Amino acid sequence: MTPEPKYIILLGPPGSGKGTQAAELKEMLNLPHVSSGDLFRHNINNKTALGLKAKTYIDQGELVPDAITIAMVMDRLSQPDCQKGALLDGFPRTLAQAEALDKALSEQGHKIEKVPLINVPQEVVIERLSGRLICRKCQATFHKIYNPFETCPQHQCQGEYLYQREDDKPETVRSRLEVYWEQTSPLINYYREQGVLVEIDGNQPMEEVTADLRAAI
Ligand code: AMP
């Protein structure tokens, strides 16, 4: 008998470490890491129609409209490797997205198992995002001060692949945080009422956050 698929959603403000933690947890959980931000960036890099449309919103720190986002993520979740579930990062970000996901899962007799909320104070998030560097090849993240690789160790690229995301510039970081509080934070209560929310202190060393997440999941 195939085991029930497992759906876990990592919730938290931009810069709370969702992507980093997902990369750590996906092996333990044996689940694909589905990051809506990575899916958009992949489309942008490949200059697809979806990518071109999404880029105008992303560069402003705004959310991409629900219809586009929901269709993109649902398409990803319908792929064979997601038959066992998914570790979702960055989706859902609005109530409409959360409801669409619940509906799609319940139509297949599935449900969300856990929603860890990674709590990090606002000033820490701003500091993390504004120093963040990403490897264009493998999406690994570094920090100008806290994790200052000059080159991605996996690629020995002498730094040529490391870049600062356009939306990690200070003005855009501010609007992304406003968007989080206005549009995404209502999901905290939404999942609390469903009894699946678990709160995690994200303002600790990375390994401790991972350990708390493992224990919670
Ligand atoms: P992230 O890498 O998760 O920080 O996402 C980067 C950007 O992609 C966000 O600031 C949004 O512009 C867009 N994005 C990612 N996920 C979503 C989503 N679920 N709904 C709408 N826009 C999204």
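One-based numbering, in listed order, for ligands and for the atoms of each. This structure is a prediction, so every number in the text was calculated from the model and none was measured. Note that these values count all heavy atoms, side chains included, but never hydrogens, waters or copies made by symmetry.
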| message | Applying salt bridge (Lys or Arg N to Asp or Glu O under 4.0 Å) as the test, list every pair that has at least one member in residues 77-86; sequence neighbours left out. | response |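 As it turns out, the salt bridge (Lys or Arg N to Asp or Glu O under 4.0 Å) pairs with a partner in residues 77-86, which skip direct neighbours, are Arg76-Asp81.
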| said: Looking at Lys169, I want to see if its NZ is surrounded by more than 12 non-hydrogen atoms of other residues, nucleotides or ligands under 6.0 Å. | reply: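 Enclosed: over 12 neighbouring heavy atoms sit under 6.0 Å from NZ of Lys169.
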| request: State whether the side chain of Gln204 and the backbone N or O of Asp201 hold a donor-acceptor pair below 3.5 Å, judged by distance alone. | output: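 Yes; at least one donor-acceptor contact below 3.5 Å.
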| message | I'd like to know if the side chain of Asp75 and the backbone of Ala71 have a donor-acceptor N/O pair within less than 3.5 Å. | response |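 No: the side chain of Asp75 does not pair with the backbone of Ala71.
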N or O contacts of ligand 1 with protein under 3.5 Å, please list pair by pair.
| residue | atom | partner | partner atom | Å |
| --- | --- | --- | --- | --- |
| ligand 1 | 2 (O) | Arg41 | NH1 | 2.9 |
| ligand 1 | 2 (O) | Arg41 | NH2 | 2.9 |
| ligand 1 | 2 (O) | Arg165 | NH1 | 3.3 |
| ligand 1 | 2 (O) | Arg165 | NH2 | 3.3 |
| ligand 1 | 3 (O) | Arg93 | NH1 | 3.1 |
| ligand 1 | 3 (O) | Arg93 | NH2 | 3.2 |
| ligand 1 | 4 (O) | Arg93 | NH2 | 3.2 |
| ligand 1 | 4 (O) | Arg165 | NH2 | 3.2 |
| ligand 1 | 4 (O) | Arg176 | NH2 | 3.1 |
| ligand 1 | 12 (O) | Glu62 | O | 2.6 |
| ligand 1 | 16 (N) | Ser36 | OG | 2.8 |
| ligand 1 | 16 (N) | Gly90 | O | 3.4 |
| ligand 1 | 16 (N) | Arg93 | NH1 | 3.0 |
| ligand 1 | 19 (N) | Gly90 | O | 2.9 |
| ligand 1 | 19 (N) | Gln97 | OE1 | 2.9 |
| ligand 1 | 20 (N) | Gln97 | NE2 | 2.9 |
| ligand 1 | 22 (N) | Val64 | N | 3.0 |

| query | Should the pair Arg214-Glu207 be classified as a salt bridge under the 4.0 Å nitrogen-to-oxygen rule? | reply |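 A salt bridge is absent here (no side-chain N lies under 4.0 Å from a carboxylate O).
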| message | Pair Leu25, Leu87 - check side-chain contact (heavy atoms from CB on, under 4.5 Å), show working. | response | CA-CA 8 Å; Leu25 293 169; Leu87 177 58; 4.0 Å; yes
